[in-house]
2 protein chains.
Amino acid sequence: MNLTLRQLRAFVAVAECSRFALAAEQLHLTPSALSMLIKDLESELGVKLLDRHTRMVRVTEAGREFLGSARRVLQDLDIAVLNSRERAAYKHGKVAVASASVLAVTLLVPFMREFQAAYPGVRVEVRDTAEENIKDALLAEEADIGIGTYEEAQSEITETELFRDTLVALIPEQHPLARKRSVSWSELAQWPFIALSPGSPIRRDLDAHLAAQGIRLNVAYEASFPSTVFALVSNAMGIAVLPANSRQLMNMPGIAYRPLGKPKLMRRVCAFHLKHRSLSPAAELFHRLLVEYVEAHRSRLTVPVDPASG
Amino acid sequence: MNLTLRQLRAFVAVAECSRFALAAEQLHLTPSALSMLIKDLESELGVKLLDRHTRMVRVTEAGREFLGSARRVLQDLDIAVLNSRERAAYKHGKVAVASASVLAVTLLVPFMREFQAAYPGVRVEVRDTAEENIKDALLAEEADIGIGTYEEAQSEITETELFRDTLVALIPEQHPLARKRSVSWSELAQWPFIALSPGSPIRRDLDAHLAAQGIRLNVAYEASFPSTVFALVSNAMGIAVLPANSRQLMNMPGIAYRPLGKPKLMRRVCAFHLKHRSLSPAAELFHRLLVEYVEAHRSRLTVPVDPASG
DNA sequence: CCGGTTTACGGCAAACGTAAGGATG
DNA sequence: CATCCTTACGTTTGCCGTAAACCGG
């Protein structure tokens with residue numbers, strides 16, 4: 001079982017040309033080399049494939065049968081190779097992205113718009129989820145790339161920081177704190193607080209930041225999604241702290257945004273992927289372009305808090 | 001476009017083993033050679049097919065897609081090779097034989113019985129036809145092998161003599177000639193004669209043989225098939241000359257068989273095939289075994305004429 | 001450190017091209 | 001005799017194996 005694709009290609013070429021010399025030219029070979037290829041193929045198969053005579057070359061019965069298979073094999077292979085190369089050229093492919101829900105709106109979708117325009121063949125699947133589920137989605141290989149808040153390094157996952165985002169206070173407009181231009185960390189603890197669920201990295205960062213200052217929040221409600229937090233604040237159920245970035249999510253009435261005092265707490269937005277699983281060409285491209293996109297739009301993404309607005 | 005089947009086999013093996021070292025062993029290669037094969041394949045395709053790490057090898061997304069194609073290609077090829085080899089081993093194949101009608105009965109069918117018992121996989125197609133149509137069937141490539149009477153060599157066709165057969169006279173039992181132990185050529189011309197059609201090689205041989213002696217037949221009837229000649233003689237419509245062999249065809253009543261005088265006329269039974277078209281393995285085998293069969297059964301085929309019988 | 005893959009390099013076999021030979025129309 | 005395929009032979013290419021490096025757990 002030592003037959004080669006060269007032999008197959010040689011045979012198909014000769015069968016199509018009905019001439020060794022002509023086929024040899026097409027294959028960029030000498031007739032002698034071609035003759036060898038056919039001879040070897042025939043001896044591999046044990047059957048004569050071609051009747052050669054001075055004035056004609058004809059495919060035998062056994063040759064006709066084999067010719068069909070050879071053609072199909074070569075064609076299937078060509079298609080497979082072409083597919084792989086198109087994949088490499090981003091003509092098709094798939095990227096599955098698991099993104100924190102707010103970032104899906106503020107970062108991912110605007111980026112995807114550009115990405116899809118440039119690479120319409122690549123299918124992008126977005127899964128918007130709570131922050132705490134992103135790494136699970138990666139580990140379960142349901143997503144190629146995750147987008148969320150930095151968590152302490154895990155050996156399985158590589159993170160790439162995209163940008164940093166200031167945390168701001170969300171205060172109901174009638175709330176006493178709304179009258180201040182900025183809110184200190186200690187003031188937060190004095191009022192009923194609407195927190196993200198404890199699993200959220202943002203919540204963890206906030207808790208750690210406050211704990212370092214000996215402050216403990218007075219948590220009235222916990223929600224998984226920032227949108228719910230907005231609704232709660234909007235209805236004066238308490239105050240909250242969210243990344244400034246999330247203001248782009250929705251325009252809820254009755255919420256005042258105030259900067260938080262020192263020490264500043266920043267939220268690090270990262271892209272994640274599995275360390276041991278190489279990104280597909282499309283995913284690799286997506287990741288690279290996302291980083292470039294963030295660099296180009298850093299100013300918009302790291303929105304300064306203007307206390308006058310909202 | 002320089003990828004090889006070795007690369008494909010290597011990739012499939014590694015994908016199945018999830019280990020280079022193990023796959024290398026299966027392929028009778030060193031891990032180093034295998035590594036090269038995979039590397040070259042990947043660079044041909046432009047995509048990474050495998051994620052290699054110290055403790056595991058995993059197929060990438062692009063690799064999974066290509067793996068399917070690679071498997072199918074290799075399998076199709078294996079099947080095609082197997083088919084060809086089975087053909088070479090006479091496990092299957094086809095032989096189309098065009099035979100003169102009498103020889104189909106007296107020679108071909110008895111031989112086929114032995115042949116089919118030995119090679120049940122080979123499909124034998126018999127076309128029984130008038131002698132004069134055998135070469136046409138070959139030239140039209142409707143038959144691989146022809147069996148009939150020798151005709152002067154044609155450049156396109158190769159003939160192999162199988163056996164020689166004496167011509168005998170067929171005389172109605174009440175006919176005056178039936179009283180003689182043998183019939184001379186000149187006596188033939190004196191009675192109404194039932195001849196084969198002028199296209200038949202037997203007729204041509206007979207005419208030439210007689211012409212050389214200055215004898216011309218008194219042709220009363222012409223028939224394409226010996227069976228019709230038998231019927232005409234049996235009904236006392238005339239006398240005839242046929243190969244002795246054809247007596248095995250049918251046992252018509254009222255016919256006396258008589259040897260013909262000197263110079264002896266023999267009919268040469270040949271196998272024909274196209275010179276420029278090689279026989280398929282099955283046809284080649286059929287031809288060879290047919291020659292051996294004839295040698296083994298020469299005595300039966302060249303039936304001596306016993307004037308006492310019939 | 002150990003298991004496993006990759007890189008570097010030398011040797012060898014397989015494949016190619018050149019040139020002569022053979023067959024055929 | 002001209003053409004086309006095949007054979008013979010010398011050369012080169014490329015592939016494999018050995019050994020060392022490298023990487024990750």
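Heavy atoms only: backbone and side chains are in, while hydrogens, waters and symmetry mates are out. Here the structure is a predicted model, which is why all the values come from computation and not from measurement. Chain letters run A, B, ... following the sequence lines, proteins first and then strands; every chain starts at 1.
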Any donor-acceptor N/O pair, R58(B) side chain to M56(B) backbone, under 3.5 Å
no
I want to confirm an ordering. Mapping T4(B) and S18(A) to their closest nucleotides on DNA chain D, which one lands closer to the 5' end?
S18(A)
Between M36(A) (CE) and dG17(C) (P), how many Å, whole number?
12 Å
If you take atom types as modelled and just measure distance, does the side chain of S32(A) reach the base of dT18(C) with a donor-acceptor pair under 3.5 Å?
yes
With a sphere of 6.0 Å drawn around CZ of R123(A), does it hold more than 12 non-hydrogen atoms of other residues, nucleotides or ligands?
no
Quick one: is H276(B) getting a side-chain N or O under 4.0 Å of the dG25(C) phosphate, OP1 or OP2?
yes
Using the closest heavy atom to pick a nucleotide of DNA chain C for each, name whichever of H53(A) or D40(A) lands nearer the 5' end.
D40(A)
Students often mix this up, so state it plainly: with edges at 30° and 60°, are the rings of F11(A) and F66(A) parallel, tilted or perpendicular?
tilted
d(NZ, K48(A); P, dC5(D)) in whole Å
14 Å
Among dC16(C), dT5(C), dC4(D), the one nearest any side-chain atom of R19(A) is dC4(D)
Under-3.5 Å N/O pairs linking protein and nucleotides 11-13 of chain C:
none

To the nearest Å, how far apart are R52(B) CZ and dT7(C) C1'?
13 Å
In this structure, how many angstroms lie between the P atom of dC16(C) and the CD1 atom of I38(A), rounded?
11 Å
Can you confirm whether the side chains of D51(B) and T60(B) place a donor and an acceptor under 3.5 Å from each other?
no
If we ignore hydrogens and angles and just use 3.5 Å, is the side chain of Q7(B) paired with the main-chain N or O of T4(B) as donor and acceptor?
yes
Specify the separation, in whole Å, of atom CZ of R58(A) and atom C1' of dT24(C).
17 Å
Round to a whole Å and report the spacing from CD of Q7(A) to P of dA14(C).
13 Å
Could you check how far CZ of F20(B) sits from C1' of dG4(C), rounded to whole Å?
10 Å
For E142(A), is there an ion pair with R127(A) - N to carboxylate O distance below 4.0 angstrom?
yes
Looking at T54(A), does any N or O in its side chain come under 4.0 Å of the phosphate oxygens OP1/OP2 on dT24(C)?
no
Can you tell whether the side chains of R267(B) and E131(B) come within less than 4.0 Å, N to carboxylate O?
yes
Side-chain N or O of R55(B) versus OP1/OP2 of dG3(C): is the shortest distance under 4.0 Å?
no
Classify the nucleic acid contact of L29(A) as base, sugar-phosphate or nothing, counting any heavy atom under 4.0 Å across all strands shown.
sugar-phosphate
R6(B) side chain near dC16(D) phosphate (N/O to OP1/OP2, under 4.0 Å)
yes
Please state how far atom CG in L27(B) lies from atom P in dG17(D), giving the value in whole angstrom units.
10 Å
